[in-house]
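Here the structure is laid out as structure tokens; the discussion comes afterwards.
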Amino acid sequence: MAIKPSELLQVLISRTQFTDDDKKVLQQSADWGGSIAAEMSDAFYGYLDRDAEMAAVIAKHNRQRLGQTFADWFKEMFTGMDNWGPQYAERRWKIGIVHVRVGIGPQHVVPAMATVVQEVSRRLVKEGKPEQLRTSLSKVCMIDLSFIEQAYLEVAYNAVQQETGMSEALFKRLIATGANSLASS
């Protein structure tokens, strides 16, 4: 499957309709995003601490480092690092791979991202920020979430391909067959 992060980012930008106006709105709010990043990190990890599986994963890592990594990630959504270019794409891809490597499944990632969206939306309303900022942040959160989700598929395909030599076409057919069998059961 060989994901090219920059190409994936461009597809996701198109699919989410993440526009130059969205980028501008986020960049103009970068100071605000930076000012709440630590609080967002606390809210995020507070949410994860209430989930026994996630708490066990987090306990294996340096909590302070995780919190700083989250705050950096959160701030980067506002700046785009390189205006949502190759550097941003590579960083998001690496974040996805790390999630897979440490065993954080989609059933954890999606609700956690929903927590980020909900918490930041609450802050936006509380502080009287424009609706466009919420919309732009939601789009970039979905782009970032898509990178993590795509990493799961890429890792699964690569593992199967390395172990069996299976082609991408056969892998996709097996996935479709499996999905069809689950749908009919």
Do Ser14 and Gln10 come close enough that some side-chain heavy atom pair is under 4.5 Å?
no
Looking at Met40 and Val120, what are the two nearest heavy atoms and their distance?
CE-N, 3.6 Å
Evaluate Val110 against Glu149 for side chain to side chain contact (heavy atoms under 4.5 Å, CB included), listing each step before the verdict.
CA-CA 9 Å; Val110 174; Glu149 296 245 316; 3.3 Å; yes
Indicate yes or no: at least one non-hydrogen side-chain atom of Glu7 is less than 4.5 angstrom from one of Val11.
no
For the student: nearest non-hydrogen atoms of Glu90 and Pro5, plus distance
OE2-CG, 3.5 Å
Enter the distance from His108:NE2 to Met54:CE here, rounded to the nearest 0.5 Å.
6.0 Å
Check for a donor-acceptor pair, side chain of Thr16 on one end and backbone N or O of Leu12 on the other, with a separation under 3.5 Å.
yes
Would you say the side-chain atoms of Glu127 and Trp32 include a donor-acceptor pair closer than 3.5 Å?
yes
Does Met142 reach the side chain of Val117, with side-chain heavy atoms less than 4.5 Å apart?
yes
When you compare the side chains of Asp21 and Gln132, does any donor N or O come within less than 3.5 Å of an acceptor on the partner?
no
Between Ile148 and Val109, what is the shortest heavy-atom contact and its length?
CG2-CG1, 3.8 Å
If we only count heavy atoms from C-beta on, is the Tyr157 to Glu168 side-chain gap below 4.5 Å?
yes
For Ile13 and Trp84, which heavy atoms make the closest approach, and how far apart are they?
CD1-O, 4.1 Å
For the side chain of Asn83 and the backbone of Gly85, is there at least one donor-acceptor N/O pair under 3.5 Å apart?
no
Begin from the C-alpha positions of Glu154 and Val100 and carry the test side chain to side chain contact (heavy atoms under 4.5 Å, CB included) through to its verdict.
CA-CA 10 Å; Glu154 184 75 7; Val100 175; over 6 Å; no
Interatomic distance, OG@Ser29 vs CE@Met77, rounded to 0.5 Å, equals 12.0 Å
When you measure from the centre of the six-membered ring of Tyr88, is the NZ or CZ of Arg92 closer than 6.0 Å and no more than 45° off the axis?
yes
Would you compute the distance between atom NZ of Lys60 and atom CG of Leu66 and round it to the nearest 0.5 angstrom?
13.0 Å
Rounded to the nearest 0.5 Å, how far does CG of Leu133 lie from CG of Leu124?
5.0 Å
If you count every heavy atom of other residues, nucleotides or ligands that lies below 6.0 Å from Gln107 atom CD, does the total exceed 12?
yes
Give the intermediate values and the outcome of side chain to side chain contact (heavy atoms under 4.5 Å, CB included) for residues Trp93 and Gln150.
CA-CA 9 Å; Trp93 185 245; Gln150 190 64 43; 4.1 Å; yes
Looking at Asp49 and Arg63, is any side-chain nitrogen of the basic one under 4.0 Å from a carboxylate oxygen of the acidic one?
yes
Any heavy-atom pair between the side chains of Val102 and His61 that's under 4.5 Å?
yes
For atom CG of Asn62, is the number of surrounding heavy atoms from other residues, nucleotides or ligands below 6.0 Å larger than 12?
yes
Taking side chain as C-beta onward, heavy atoms only, is Met113 less than 4.5 Å from Asp144?
yes
Where do Phe147 and Ile3 land on the side chain to side chain contact (heavy atoms under 4.5 Å, CB included) test, with the steps shown first?
CA-CA 10 Å; Phe147 266 95; Ile3 293 295; 5.8 Å; no
With a 6.0 Å cut-off (strictly less than), is the heavy-atom count around CD of Glu131, excluding the residue itself, greater than 12?
yes
Exactly one of Lys139, Gln17, Gln27 should register a side-chain hydrogen bond (donor to acceptor under 3.5 Å, both in side chains) with Asp22. Which one does?
Lys139
Closest contact, heavy atoms only, Ser181 versus Gly178
OG-O, 2.8 Å
Taking all non-hydrogen atoms of both residues, which atom of Ala112 and which atom of Phe44 are closest, and how far apart?
CB-CE1, 3.6 Å
Any Val116 side-chain heavy atom under 4.5 Å of Trp73 side chain:
yes
Value rounded to 0.5 Å, distance of CZ in Arg91 from CD1 in Ile95
4.5 Å
Might you work through the side-chain hydrogen bond (donor to acceptor under 3.5 Å, both in side chains) test for Asp72 and Gln68, ending with a clear yes or no?
CA-CA 6 Å; Asp72 292 344; Gln68 184 57 54; 2.7 Å; yes
Closer than 4.0 angstrom, basic N to acidic O: yes or no for Glu119 and Arg123?
no
Euclidean distance, Ser136 OG relative to Phe78 CZ, rounded to 0.5 Å:
10.0 Å
Look only at the side chain of Arg50 and the backbone of Gly46, and say whether a donor-acceptor pair between them is shorter than 3.5 Å.
yes
